[in-house]
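These notes are about the structure you will find just below.
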There are 2 protein chains.
Amino acid sequence: MSDLLERLRGRGWRLTSQRRVVAEVLDGDHVHLTADEVHARAARRLPEISRTTVYNALGELVALGEVIEVSTDGRAKRYDPNARHPHQHLVCSGCGTVRDVHPTGDALADLPVEERFGFTVAQAEVTYWGVCPECAGAAGKGE
Amino acid sequence: MSDLLERLRGRGWRLTSQRRVVAEVLDGDHVHLTADEVHARAARRLPEISRTTVYNALGELVALGEVIEVSTDGRAKRYDPNARHPHQHLVCSGCGTVRDVHPTGDALADLPVEERFGFTVAQAEVTYWGVCPECAGAAGKGE
DNA sequence: ATTAGTGCAAAGTATTTGCAATCTA
DNA sequence: TAGATTGCAAATACTTTGCACTAAT
């Protein structure tokens, strides 16, 4: 694990203890934390870390292209470190859990020229919405 | 125009002057306004209308299924009255303009069972990102 | 008349900014 | 050392809430 940290070092990212914990917290698959969650986890290891610094670090990681910003609903943005592996998201409309998925087919190719309005289309982002097993179970029991 | 208002009346939506202007402002195609923009436009016709009321009305229209909430980036949500006609969005990464598009193919069918993690998948939301003709032109000239 | 809708003021959540102190390379 | 990074405090953007007043059916 943590080739994220490796890569960052290689790219000359000035390394500080707070940046290190942020990168460590973000490392892995199926990680989709909000800025606040990143801060909370980072603070377990480095209690003094401030929210500002977490926001700074996240912003830079996004700018570097190492992390993707995902805004599923209108709530807090989530940060996905899986930027190097193209994927889409499956979101639970109950609890907001996010999973990385790999659909077949190419959504980009499905947009006809006459539907492009002169845009230079670069990317197709697909978000699948559904109910996760946990929420489905809870719904069946509750009420 | 304004079958939105017709439909709402038919569904027993208690009609007030402020709700009327909100519905009128939202009526049409390729409309993707933020709550604040809706408020601004509504205020042209009804200066006393409050933001609270606009938020209330928008929330209800969404609950009624007459309007869709779209959050492209992490910014303010946008409201799309085109709920009855299934469509996807094409967003300009330069200026944020949104156009409704109708891709061929079915993104939902492109998600294999083994990629569903036990979720009951209900919907596939596709957002195309690109640069609109205006922004492309501006980029070519500037700098 | 009843019940639902309105809007002010205030609080809440998410994120950004200015700037002095601090630390990495 | 020089320039980048940190983090506090305060500001900003967006949205929600409590509650007294008003209006639609």
Side-chain angles (χ1 to χ4, degrees), chain A residues 5-6 8-26 32-64 66-80 96 98, chain B residues 5 8-26 32-64 66-80 96:
Chain A
L5 215 40
E6 279 299 296
L8 290 169
R9 205 191 313 271
R11 297 182 64 173
W13 203 47
R14 189 182 280 218
L15 217 39
T16 63
S17 50
Q18 20 294 74
R19 284 179 169 194
R20 194 189 332 276
V21 271
V22 169
E24 283 170 3
V25 162
L26 281 176
H32 306 90
L33 302 168
T34 62
D36 212 56
E37 287 166 346
V38 172
H39 175 253
R41 299 194 182 195
R44 286 185 204 154
R45 303 189 185 185
L46 193 63
E48 334 79 79
I49 194 171
S50 77
R51 244 177 274 279
T52 307
T53 297
V54 171
Y55 276 110
N56 284 165
L58 290 174
E60 280 162 41
L61 291 172
V62 171
L64 284 169
E66 292 290 352
V67 165
I68 288 173
E69 231 177 50
V70 190
S71 37
T72 46
D73 49 357
R75 303 232 140 270
K77 294 175 200 155
R78 288 180 176 279
Y79 295 85
D80 179 344
V98 181
Chain B
L5 215 40
L8 291 170
R9 206 191 312 272
R11 299 181 64 173
W13 204 46
R14 189 183 280 219
L15 216 38
T16 63
S17 49
Q18 19 295 73
R19 285 179 168 194
R20 195 189 330 276
V21 271
V22 169
E24 283 171 2
V25 162
L26 280 176
H32 307 89
L33 302 168
T34 61
D36 213 56
E37 288 166 347
V38 172
H39 176 254
R41 299 194 183 197
R44 287 186 205 154
R45 303 188 184 186
L46 194 63
E48 334 81 78
I49 194 171
S50 78
R51 245 176 275 277
T52 307
T53 297
V54 170
Y55 275 109
N56 284 166
L58 290 173
E60 281 165 40
L61 291 171
V62 170
L64 285 168
E66 292 289 352
V67 165
I68 289 172
E69 234 177 47
V70 192
S71 38
T72 44
D73 48 358
R75 302 233 140 268
K77 292 175 199 156
R78 291 181 174 277
Y79 295 86
D80 179 344

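Lettering of chains follows the sequences in order, A, B, ..., and the numbering in each one begins at 1. The structure displayed is predicted, hence computed values, not measured ones.
- If you find the closest nucleotide of DNA chain D to B:Thr52 and to A:Thr52, the one lying nearer the 5' end belongs to A:Thr52.
- Not counting sequence neighbours, the partners of A:Ser50 by the side chain to side chain donor-acceptor pair (under 3.5 Å) test are A:Thr53.
- For B:Arg11, the salt bridge (charged side-chain N to carboxylate O under 4.0 Å, His left out) partners at least two apart in sequence or on another chain are B:Glu66.
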Show the distances under 3.5 angstrom between N or O atoms of the protein and N or O atoms of nucleotides 19-21 of chain C.
none

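- Every residue meeting the side-chain contact (heavy atoms from CB on, under 4.5 Å) condition with B:Ala35, not counting sequence neighbours, appears here in chain and number order: B:Tyr55, B:Leu58, B:Tyr79.
- Listed by residue number, the members of residues 11-22 of chain B with any heavy atom below 4.0 angstrom from DNA chain C are B:Arg14, B:Thr16, B:Gln18, B:Arg19.
- Here the CD-NE2 distance, from A:Glu37 to A:His32, works out to 11.5 Å after rounding to the nearest 0.5 Å.
- For the contact set between residues 32-44 of chain B and DNA chain D, defined by any heavy atom under 4.0 Å, the members are B:Ala35.
- Terminal axes of the helix from C:dA1-D:dT25 to C:dA25-D:dT1 (five pairs each, C1' rotation axis) are separated by 40°, to the nearest 10°.
- Applying the salt bridge (charged side-chain N to carboxylate O under 4.0 Å, His left out) test to B:Arg19 and every residue at least two apart in sequence or in another chain returns B:Glu60.
- Looking at every heavy atom in both residues, B:Ala76 comes nearest to B:Thr34 through CB-CG2, 4.1 Å.
- Taken from CD1 in B:Ile49 to CZ in B:Arg44, the straight-line distance is 13.0 Å, to the nearest 0.5 Å.
- Annotation for B:Ala23 and B:Leu5: closest pair CB-CD1, 3.4 Å, computed over non-hydrogen atoms.
- Every residue two or more places apart in sequence or in another chain that forms a salt bridge (charged side-chain N to carboxylate O under 4.0 Å, His left out) with B:Arg45 is listed here: B:Glu24.
- Rounded to whole Å, atom P of C:dG5 lies 12 Å from atom CG of B:Leu61.
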- Item | Audit row: A:Leu15, A:Leu8, side chain to side chain contact (heavy atoms under 4.5 Å, CB included) steps and yes/no | CA-CA 9 Å; A:Leu15 217 39; A:Leu8 290 169; 5.8 Å; no
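- Note: OH (B:Tyr55) to P (C:dA9) measures 17 Å, nearest angstrom.
- The side-chain contact (heavy atoms from CB on, under 4.5 Å) search around B:Ile68 returns B:Val70, B:Asp80, B:Ala83, not counting sequence neighbours.
- Protein chain B touches strand DNA chain D; the 5'-most and 3'-most nucleotides with an atom under 4.0 angstrom of its non-hydrogen atoms are D:dC14 to D:dT25.
- Rounding to the nearest 0.5 Å gives a distance of 7.5 Å between CZ of A:Arg78 and CG of A:Leu33.
- By the salt bridge (charged side-chain N to carboxylate O under 4.0 Å, His left out) test, A:Arg51 is found to be paired with A:Asp36, residues two or more places apart in sequence or in another chain being considered.
- Separating the CD atom of A:Glu48 from the C1' atom of C:dC23 is a distance of 13 Å, rounded to the nearest angstrom.
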